[in-house]
Amino acid sequence: MSENVRVRFAPSPTGALHIGGVRTALFNYLFAKKHKGTFVLRIEDTDQTRYVANAEQYIVDALEWCNIPFDEGPGKNEKFGPYRQSERKDLYKKYADELLEKGWAYYAFDTSEELDAHRKDHEANGKTFIYNWHNREKGRLVNSLVLSEEEVQQKISAGEKYVVRFKTPQDEVLVMQDEVRGEVKVNTNTLDDKVLFKSDGMPTYHLANIVDDHLMEISHVIRGEEWLPSLPLHTLLYRAFEWESPKFAHLSLILKPVGKGKLSKRDGDKLGFPVFPLEYTNEKTGDVSRGYREDGYFSDAFINMLALLGWNPGTEQELFSLEQLVEAFDLARVSKSGAKFSPDKTKWFNQQYLQQKTEEELATLFLPLLEKNNVSSDRTYIQKVVSLIKERAVFVDDFWGLSSFFFENPTEYEAKAAKKQWKETTGDLMTELVTVIETIEDFSIENAQTDIKGWITSKEIGFGKVMQPLRLSLVGKLAGPDLFEIMTMIGKEATIKRIQNAIAALS
RNA sequence: GGCCCGUUCGUCUAGUGGUUAGGACGCAAGGUUUUCAUCCUUGAAACAGGAGUUCGAUUCUCCUACGGGCUACCA
């Protein structure tokens with residue numbers, strides 16, 4: 001790419017950013033970095049009625065946590081600022097006027113009620129109401145194409161509400177190029193004359209978007225597929241302004257794992273997995289939605305998973321660092337079809353990332369959990385514990401459940417296992433085992449193994465008869481790492497104590 | 001309803017006219033671990049349907065079906 005690559009992520013601050021939005025941001029980020037370009041954040045807050053105050057900060061925080069921060073945006077490197085459309089409000093009127101002057105747009109005075117009536121009317125007759133040349137000059141709509149100039153001026157100066165609509169050309173087949181889909185063709189006769197400028201003095205998405213992308217010198221627009229239907233309008237707007245159009249890439253949607261439709265913000269907690277990167281508190285209702293961060297996912301695992309949803313490198317590699325993703329990313333390998341989201345695969349990625357972390361890192365992450373359980377222990381001990389249990393874990397949050405017996409005596413014994421493994425004779429056997437253990441001077445893995453195994457062999461009983469109840473005594477259930485590791489970790493005293501506890505409780 | 005986009009194992013996907021249709025998640029079986037998990041091996045599992053083009057279609061074209069998106073003075 002010889003030109004200067006500038007891409008933007010342009011969310012609307014109406015709430016938390018969900019994973020579909022994060023993926024759009026990610027693909028923009030990867031594309032920008034791949035081409036040594038700039039990743040811009042623009043806040044599209046032209047709809048005052050849907051504005052949510054904490055949303056913008058949430059978006060910034062989410063990108064930060066994902067490690068895909070913007071290069072340019074609100075409060076950062078403001079070369080093309082401001083980056084909030086509400087702060088650019090005065091700008092758009094001028095461009096709407098330009099279109100009006102050139103004859104690419106017109107005033108419309110129809111009220112929402114009148115338009116609804118037209119739509120209903122058409123529907124009743126089995127027709128589709130389109131606000132374009134089919135209807136606009138037939139006298140049933142009130143706009144500057146049918147009204148005289150005096151009438152229009154009169155209405156405006158009388159304070160009558162109006163919008164500015166785009167005047168879609170007639171009888172033309174637009175052939176557009178999409179970077180992931182190839183050619184897209186649309187007949188302009190099927191297009192609505194979209195509102196560009198609202199009666200509240202704000203531009204609509206369509207106008208603001210085109211004006212800002214142009215002014216901010218955006219080279220590639222990478223956005224969700226839900227925008228594909230407005231590509232013709234946007235293409236026409238660039239033509240009307242006589243501006244060079246950026247290249248477009250429309251990303252397929254992320255679908256619900258089960259059932260129908262695209263994943264939406266409301267799905268998350270209902271379906272049992274988060275749809276947001278970070279926990280989010282709804283300002284109005286106070287409802288709290290789960291986040292991947294709070295659920296214990298590593299951000300790099302989360303990003304790795306998202307990158308492979310709708311994109312693939314064409315090789316069999318699945319684990320990518322962010323740098324590797326930047327290196328491998330290519331819009332041409334983005335898939336055209338929608339992808340169902342998979343919570344299972346997300347967990348798998350997290351497990352992979354957890355296994356890759358060092359014991360030092362994991363021990364540090366484990367510390368708060370230990371504190372929560374009122375356990376303090378020395379660092380080397382904790383690291384040793386982590387090394388013994390990490391391969392069983394998917395999340396750091398699993399650690400305590402997998403290792404509590406390294407820090408405190410079991411307080412209960414799993415009933416089913418006890419019933420099966422603790423027979424009538426087990427008590428006596430365990431008592432004898434205690435005496436064996438007591439005689440081991442240097443309580444190392446090797447010595448414990450030699451002595452205990454030797455004793456079992458001499459007794460001519462099955463290993464299971466001893467080892468299973470022993471495990472039950474030390475762990476409280478039939479799970480966990482090698483028993484000799486556990487015994488030497490907790491020490492001779494605790495081992496004996498736990499066996500005696502078990503004898504008292506189970507015999 | 002109209003317009004647009006899509007359709008390979010249950011899911012994510014590789015595949016660009018000739019392949020035993022490959023990988024991953026998940027699932028199942030076996031092995032390892034005298035436990036559990038990990039790990040290893042193996043297995044089941046897919047080209048939506050129909051026409052055409054072609055010596056030959058998963059791959060190209062058309063139709064149908066299905067899925068998805070949009071259809072607001074929301075983005």
Side-chain angles (χ1 to χ4, degrees), chain A residues 10-14 44-50 85 108 110-112 115-116 119 122-123 126-131 161-165 176 178 180-182 184-187 189-192 194-206 208-209 223-232 250 252-253 255 257-258 260-262 305 308-319 333 335-349 351 355 389-394 398 402 417 421 456 462-468 470-472 475 477-483:
Chain A
S12 187
T14 58
E44 307 224 325
D45 54 352
T46 51
D47 184 2
Q48 302 134 322
T49 62
R50 297 207 307 157
Q85 291 185 327
D110 318 271
T111 64
S112 306
L115 293 173
D116 277 345
R119 280 189 263 266
H122 273 67
E123 203 179 321
K127 291 181 184 166
T128 306
F129 175 78
I130 306 178
Y131 201 127
K161 294 278 188 192
Y162 67 88
V163 298
V164 175
R165 283 183 184 271
M176 296 158 293
D178 183 278
V180 336
R181 275 151 223 283
V184 177
K185 291 180 192 164
V186 178
N187 186 319
N189 291 347
T190 65
L191 266 27
D192 254 319
K194 285 291 178 196
V195 172
L196 299 176
F197 205 79
K198 299 185 270 189
S199 59
D200 65 358
M202 282 292 229
T204 60
Y205 169 83
H206 303 294
N209 188 266
R223 70 216 316 190
E225 191 185 5
E226 69 268 29
W227 294 112
L228 195 53
S230 37
L231 180 58
H250 291 89
S252 62
L253 271 9
L255 278 11
V258 289
K260 295 179 168 186
K262 70 168 172 177
M305 174 280 294
L308 257 40
L309 205 54
W311 170 83
N312 77 82
T315 66
E316 285 178 0
Q317 184 179 356
E318 291 202 272
L319 267 14
R333 296 204 64 91
S335 56
K336 298 178 179 69
S337 51
K340 287 194 177 185
F341 180 74
S342 167
D344 274 338
K345 192 95 186 212
T346 312
K347 281 189 184 157
W348 178 80
F349 274 108
Q351 189 211 50
Q355 302 313 321
I389 58 151
K390 72 178 236 190
E391 63 192 21
R392 283 146 224 272
V394 175
D398 297 336
L402 291 169
Q421 301 299 340
I456 295 172
F463 273 72
K465 284 236 172 17
V466 174
M467 298 303 278
Q468 299 286 54
L470 177 56
R471 175 170 292 280
L472 201 56
V475 180
K477 57 191 172 189
L478 299 181
D482 183 76
L483 271 181

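Protein chains get the first letters and strands the later ones, always in sequence-line order, with residue 1 at the start of each. The figures here come from the full heavy-atom set of this structure, side chains too, leaving out hydrogens, waters and symmetry mates. Because the structure is predicted, anything quoted here is derived from the model rather than measured.
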Asks: Salt-bridged, A:Lys345 to A:Glu318, with N to O below 4.0 Å?
Replies: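 A:Glu318 and A:Lys345: salt-bridged.
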Asks: Of the options B:G69, B:U13, B:U35, whose atoms approach the side-chain atoms of A:Gln468 most closely?
Replies: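 Of the options given, the side chain of A:Gln468 lies nearest B:U35.
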Asks: Rounded to the nearest angstrom, tell me the gap between atom CD in A:Gln421 and atom C1' in B:C36.
Replies: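 From A:Gln421 CD to B:C36 C1': 13 Å.
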Asks: Expressed as a whole number of Å, how far does the P atom of B:C74 sit from that of B:C66?
Replies: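 Per the computed distance, 34 Å lies between those P atoms.
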Asks: With respect to the phosphate group of B:A14, does any side-chain polar atom (N or O) of A:Thr315 fall under 4.0 Å of OP1 or OP2?
Replies: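 The answer is no; no side-chain N or O of A:Thr315 sits under 4.0 Å from OP1 or OP2.
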Asks: Counting heavy atoms not belonging to A:Glu123, are there more than 12 under 6.0 Å from its CD?
Replies: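 Result for CD/A:Glu123: open.
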Asks: In chain order, what residues pass the salt bridge (Lys or Arg N to Asp or Glu O under 4.0 Å) check against A:Arg333, with sequence neighbours excluded?
Replies: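 In terms of salt bridge (Lys or Arg N to Asp or Glu O under 4.0 Å), with neighbours along the sequence ignored, A:Arg333 is linked to no residue.
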Asks: For A:Lys127, answer base if it contacts any base atom (sugar-phosphate contacts may also be present), sugar-phosphate if it contacts only those atoms, and nothing otherwise; contact means non-hydrogen atoms under 4.0 Å.
Replies: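 Result for A:Lys127 = nothing.
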Asks: Look at the side chain of A:Ser112 and decide which nucleotide, out of B:C73, B:G26, B:A75, has an atom nearest to it.
Replies: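 Closest nucleotide to the A:Ser112 side chain: B:C73.
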Asks: Checking only heavy atoms, does the side chain of A:Arg392 share a donor-acceptor pair with the base of B:U38 at less than 3.5 Å?
Replies: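 No such pair is found, so the answer is no.
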Asks: Of all the nucleotides listed (B:G6, B:C4, B:U71), which has the minimum atom distance to the side chain of A:Arg181?
Replies: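 Shortest atom-to-atom distance from the side chain points to B:G6.
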Asks: What nucleic acid atoms does A:Asn189 come within less than 4.0 Å of, heavy atoms only: base, sugar-phosphate, or nothing?
Replies: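 No contact.
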Asks: For A:Ser252, answer base if it contacts any base atom (sugar-phosphate contacts may also be present), sugar-phosphate if it contacts only those atoms, and nothing otherwise; contact means non-hydrogen atoms under 4.0 Å.
Replies: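 Since no nucleic acid heavy atom lies under 4.0 Å of A:Ser252, the category is nothing.
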Asks: Answer with base, sugar-phosphate or nothing: what part of the nucleic acid does A:Arg50 contact at a heavy-atom distance below 4.0 Å?
Replies: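 Base contact - A:Arg50 has a heavy atom under 4.0 Å of at least one base atom.
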Asks: Does OP1 or OP2 of B:A37 have a side-chain N or O of A:Lys477 closer than 4.0 Å?
Replies: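 Negative; the distance criterion is not met.
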Asks: Under 4.0 Å, heavy atoms only, any strand: does A:Lys185 hit a base, just the sugar-phosphate, or nothing?
Replies: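 The answer is sugar-phosphate, as A:Lys185 gets under 4.0 Å only of primed atoms, P, OP1 or OP2.
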Asks: Using a heavy-atom cut-off of 4.0 Å across all strands, would you classify A:Pro232 as base, sugar-phosphate, or nothing?
Replies: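 No contact at all - A:Pro232 keeps every heavy atom at 4.0 Å or more from the nucleic acid.
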Asks: Tell me: CG of A:Asp344 to P of B:G10, nearest whole Å?
Replies: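 Spelled out: CG on A:Asp344 to P on B:G10 is 16 Å.
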Asks: Using the P atom in both, what is the distance from B:G52 to B:G69, to the nearest Å?
Replies: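 Nearest-Å result for B:G52 against B:G69 at atom P: 35 Å.
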Asks: By the 4.0 Å heavy-atom rule, please label A:Arg333 as base, sugar-phosphate, or nothing.
Replies: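 The residue A:Arg333 makes sugar-phosphate contact but no base contact.
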Asks: Is the shortest side-chain N/O distance from A:Lys161 to OP1 or OP2 of B:C73 below 4.0 Å?
Replies: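 So the side chain of A:Lys161 is outside the cut-off, no N or O lying under 4.0 Å from OP1 or OP2 of B:C73.
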Asks: If the condition is salt bridge (Lys or Arg N to Asp or Glu O under 4.0 Å), which residues does A:Asp116 pass it with, not counting sequence neighbours?
Replies: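 Testing A:Asp116 for salt bridge (Lys or Arg N to Asp or Glu O under 4.0 Å), a comparison that skips the adjacent residues, returns A:Arg119.
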Asks: When we call it a touch if two heavy atoms are under 4.0 Å apart, what does A:Ser337 touch: a base, just sugar-phosphate, or nothing?
Replies: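 Sugar-phosphate contact only.
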Asks: Check every strand shown and say whether A:Lys260 touches a base, only sugar-phosphate, or nothing at a heavy-atom separation below 4.0 Å.
Replies: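 Sugar-phosphate: the residue A:Lys260, judged by heavy atoms under 4.0 Å, touches backbone atoms but no base.
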Asks: Does the base of B:C3 carry an N or O that pairs as donor and acceptor with the side chain of A:Thr190 under 3.5 Å?
Replies: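 When only heavy-atom distances are counted, A:Thr190 does not reach the base of B:C3 through any donor-acceptor pair under 3.5 Å.
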Asks: For B:A37, take OP1 and OP2 only and decide whether either is under 4.0 Å from a side-chain N or O of A:Lys390.
Replies: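 No, because none of the side-chain N or O atoms of A:Lys390 sits under 4.0 Å from OP1 or OP2 of B:A37.
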Asks: Just call it for A:Lys345: base, sugar-phosphate, or nothing, with non-hydrogen atoms closer than 4.0 Å on any strand.
Replies: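 If one applies the 4.0 Å heavy-atom cut-off, A:Lys345 turns out to touch a base.
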Asks: Any side-chain N or O of A:Lys198 less than 4.0 Å from the OP1 or OP2 oxygen of B:C74?
Replies: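 Yes, because at least one side-chain N or O of A:Lys198 sits under 4.0 Å from OP1 or OP2 of B:C74.
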Asks: Between A:Asn312 and B:A14, does any side-chain N or O lie under 4.0 Å from OP1 or OP2?
Replies: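 For A:Asn312, the contact criterion (side-chain N or O under 4.0 Å from OP1 or OP2 of B:A14) is met.
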Asks: What does A:Gly126 touch in the nucleic acid at a heavy-atom separation under 4.0 angstrom: a base, only the sugar-phosphate, or nothing?
Replies: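 Since no nucleic acid heavy atom lies under 4.0 Å of A:Gly126, the category is nothing.
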Asks: Using a 4.0 Å heavy-atom cut-off across all strands, classify A:Asn209 as base, sugar-phosphate, or nothing.
Replies: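 Contact class for A:Asn209: none.
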Asks: Determine the Euclidean distance between corresponding C1' atoms of B:U8 and B:U16; express it in Å to zero decimal places.
Replies: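 14 Å, rounded to whole Å.
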Asks: With rounding to whole Å, what would you report as the distance between B:U13 and B:U58 at their C1' atoms?
Replies: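 These two C1' atoms come out 14 Å apart once rounded.
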Asks: Using the C1' atom as the point on both nucleotides, what is the distance between B:A21 and B:U38, in whole Å?
Replies: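 Approximately 32 Å lies between the C1' atom of B:U38 and that of B:A21.
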Asks: With respect to the phosphate group of B:A75, does any side-chain polar atom (N or O) of A:Thr46 fall under 4.0 Å of OP1 or OP2?
Replies: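 So the side-chain polar atoms of A:Thr46 do come within 4.0 Å of the phosphate oxygens OP1 or OP2 of B:A75, strictly under.
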Asks: Base, sugar-phosphate or nothing for A:Thr128? Non-hydrogen atoms, less than 4.0 Å.
Replies: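 The residue A:Thr128 makes base contact.
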Asks: Suppose we define a pair by two distances each less than 3.5 Å, Watson-Crick or G-U wobble; what does B:U61 pair with here?
Replies: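 Partner of B:U61: B:A51.
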